Each structure stands twice: as structure tokens, then as C-alpha cells.
Amino acid sequence: MRNSIYTIIAILLCSVYVQAQEPDYGELWNKANNHYSLGEYQQALSDYKKIEEGGMVSYKLYYNIANTYYKLKEDGLSILYYERALKLNPSDKDTRNNLEIARLKTLDKIEVIPDFILTVWIGKLKNSLSCNAWAKVSIALLVAVAFFLLLYRHAAGIVLRKTSFVLGCIMLFFAICTLVFSFNLRGKAVSEDYAIVMVPVCNVKSAPNVTGNNLFILHEGTRIEILEQVESWSRVELSDGRQGWAQSSDFEII
């Protein structure tokens, strides 16, 4: 009995010790923001990175890290973290605007192959909300579908029954669309298909080895899509459709 009591006390003391060792992320956040407002960007970055290393990531944290890197003239890293912030919240206009400003400082000006106009509209609509927001909209629409189904079942008049049936079908269609938007954005948030070049010069070759011919050169801050990986090499594609092989160590996953 006495040994059991000692064991319980030891466990409680260990848990208290572990909790005491955990950093106060709220305090770190405020401290980092104060450093940033005072222009102490290196100290702010250090505190922001501690929060990131603790797993307390969010689009706001990535956004602040990106702003700090931009102030420190680390253009590649600022673009990387703006992109990471957009993965978590593609509807944030400040992040998108700052990303465009940061991209103006990159050397590679790559044209984007235009999409079909309907695809562009759907993309803008999808990115107008986060995946969690679309999920909430979908749930609300499903509730509306249930309401119209009940109204259809219990309505006395034929006109009201027809109207409730049509409205229920419309709500169901939009519920499915918003649910697809939510899953699509969630998939992009956890995907590792895109990366940012992190080295001043990245040679893109015709084959996954150092003896391959140089096809073109990329510079720090350029966004690439990863198509496949072979050992330490990755086949990448640019937004203009050009493809080639680059060393995986030359870029970092968004």
C-alpha cells in the first residue's frame, strides 16, 4: 500500500515537472509580436520558431514568420512561409498580397498557363473560404435539406410539396459542392506536391543525375511542382509547363 502511494506521488511530481518544462506559447507569441513591433526581427523570429517547433502551427504563425523573414531580407524563406500560410487559409487576402510583393523580388518571372475561365471562377470561389468554413457551410446546407424533406413529407398542399422538394434538391447539390471544396482544400493543406527553391541557383537537368544536360536554371524563391522522386532527385514542373530533374536538397516542401 505504501509503495503504491509513493508511486502515485512520483507520477504526480513528474507530471508537474513536465508541465513546468513546457513553454508558455501564449507568452512566446506576445513576446515575439512585441519584438517585431520594435523592429527586433531576429529575436521575434527566434520566438516564432520556438512556437513552430512546439507544433503549435497556424496560418497566423506562418504569416508572421513570413513577414519576419521578409524584413530580414530572406526572400526565399518569406515566400515559403507565405505559401504555407495560404495552404492553411487560402482566403486570407493579406497573405496573398504579401506573397505577390515578395515574388516581385525573385529573379525568375515565369508565365502561368491560363486555365479555362470556368476553372478560374470555381477556384476563386473555392479559395474564398477555408476548408473548415466550407465544412460548416455544408453542414448548414444539409440541415436545410433535412428541413425541406420534412416539409415535403408533411405539407398539405401540392404546390408547397413541389416547392420544398425542388429547394431540397438545390440545397443538396450545393451541400455536395461545398463538401467537395472542403475535402479538396484539406487535401491541399496536407499535400507535399509543391515546393520553393531555397538555393541561389538550381540547375534543372534532363536526367536524375549530375551528368544530365542542363535544361534551365531556377533561382531562390521560385515555386515548383514535384511530380516524382528518384533517390535524391525530383522531377519538377514549372507553371509554364517546363519539366526537368532537380536535386531534392535544392528546395523545401511547402
Side-chain angles (χ1 to χ4, degrees), residues 52 55-63 66 79-100 103 110-196 223-229 234-241 243 252-254:
E52 182 186 21
M56 307 296 290
V57 298
S58 65
Y59 86 90
K60 290 183 178 180
L61 174 64
Y62 286 153
Y63 176 75
I79 291 174
L80 174 67
Y81 276 90
Y82 282 133
E83 291 277 10
R84 286 178 173 174
L86 280 179
K87 279 184 69 175
L88 298 183
N89 186 11
S91 63
D92 190 70
K93 293 182 179 179
D94 289 337
T95 304
R96 196 171 295 278
N97 291 336
N98 285 8
L99 174 59
E100 292 302 318
R103 281 177 175 167
I110 302 171
E111 295 184 3
V112 179
I113 298 177
D115 290 323
F116 183 58
I117 187 64
L118 183 59
T119 304
V120 175
W121 288 345
I122 293 175
K124 287 183 177 180
L125 176 61
K126 179 181 65 178
N127 292 330
S128 63
L129 295 174
S130 66
C131 63
N132 290 335
W134 279 122
K136 292 177 182 178
V137 172
S138 180
I139 292 171
L141 289 171
L142 288 174
V143 171
V145 171
F147 169 78
F148 285 119
L149 287 178
L150 288 173
L151 186 61
Y152 170 77
R153 182 178 178 84
H154 298 288
I158 187 68
V159 175
L160 184 57
R161 293 187 68 185
K162 286 183 177 180
T163 302
S164 60
F165 178 78
V166 172
L167 290 176
C169 290
I170 293 174
M171 293 296 103
L172 180 61
F173 171 76
F174 284 114
I176 294 173
C177 291
T178 54
L179 191 61
V180 170
F181 286 172
S182 178
F183 277 111
N184 183 266
L185 290 173
R186 176 60 182 170
K188 286 186 176 181
V190 298
S191 71
E192 297 184 348
D193 297 335
Y194 292 89
I196 301 296
R223 189 174 191 262
I224 57 177
E225 182 179 2
I226 302 171
L227 302 179
E228 64 175 304
Q229 290 183 308
S234 298
R235 185 163 67 92
V236 302
E237 183 177 34
L238 303 182
S239 57
D240 60 5
Q243 295 184 9
E252 191 165 342
I253 302 295
I254 295 174

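Side chains included, hydrogens not; waters and symmetry mates left out as well; all remaining heavy atoms used. Only a predicted model underlies this, so the values are computations on that prediction, with no experimental measurement involved.
Of all heavy-atom pairs between G168 and V145, the closest is O-CG2, 3.7 Å.
Between Y62 and T95, every side-chain heavy-atom pair lies at or beyond the 4.5 Å cut-off. Within the 4.5 Å cutoff, the side chain of F174 has no heavy atoms near those of the V137 side chain. Taking 4.5 Å as the limit, every side-chain heavy atom of V236 sits out of range of all side-chain heavy atoms of L227.
For the side chain to side chain contact (heavy atoms under 4.5 Å, CB included) test, residues two or more places apart in sequence or in another chain that qualify with K162 are I158. A search for side chain to side chain contact (heavy atoms under 4.5 Å, CB included) contacts involving V120 returns D115, K124, not counting sequence neighbours. Checked against side chain to side chain contact (heavy atoms under 4.5 Å, CB included), F183 has the following partners two or more places apart in sequence or in another chain: L179. Every residue meeting the ring-ring contact (aromatic ring centres under 6.0 Å, His included) condition with F165, not counting sequence neighbours, appears here in chain and number order: Y152. For A140, there are no side chain to side chain contact (heavy atoms under 4.5 Å, CB included) partners two or more places apart in sequence or in a different chain. Judged as a side chain to side chain donor-acceptor pair (under 3.5 Å), and not counting sequence neighbours, the contacts of Q243 are R235, E237.
Counting only residues at least two apart or on different chains, no side-chain hydrogen bond (donor to acceptor under 3.5 Å, both in side chains) pair has a member in residues 127-146. Pairs engaging residues 163-189 under the side-chain hydrogen bond (donor to acceptor under 3.5 Å, both in side chains) rule: K126-N184 [sequence neighbours left out].
For the atom pair CG of L142 and CE of M171, the computed distance is 11.0 Å after rounding to the nearest 0.5 Å. A distance of 10.0 Å separates CD of E100 from CG of N98, quoted to the nearest 0.5 Å. Between the CG atom of L238 and the CD1 atom of I110 there is a distance of 4.5 Å, given to the nearest 0.5 Å. From I224, atom CD1 reaches atom OH of Y194 across 11.0 Å, with rounding to the nearest 0.5 Å.
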Please tabulate, for the side chains in residues 81-89, all donor-acceptor contacts under 3.5 angstrom to protein atoms that are two or more places apart in sequence or on a different chain.
residue : atom : partner : partner atom : Å
Y81     : OH   : K49     : NZ           : 2.7
Y81     : OH   : E52     : OE1          : 3.1
Y81     : OH   : E52     : OE2          : 3.0
Y81     : OH   : R84     : NH1          : 3.4
Y82     : OH   : N67     : OD1          : 2.4
E83     : OE1  : R223    : NE           : 3.4
E83     : OE2  : R103    : NH2          : 2.5
E83     : OE2  : R223    : NE           : 3.2
R84     : NH2  : E252    : OE2          : 3.2
R84     : NH2  : I253    : O            : 2.9
K87     : NZ   : A189    : O            : 3.4
K87     : NZ   : S191    : O            : 2.7
K87     : NZ   : I254    : O            : 3.0
N89     : OD1  : S91     : N            : 3.4
N89     : OD1  : S91     : OG           : 2.7

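Atom CD of E192 is surrounded by 12 or fewer heavy atoms from other residues, nucleotides or ligands within 6.0 Å.
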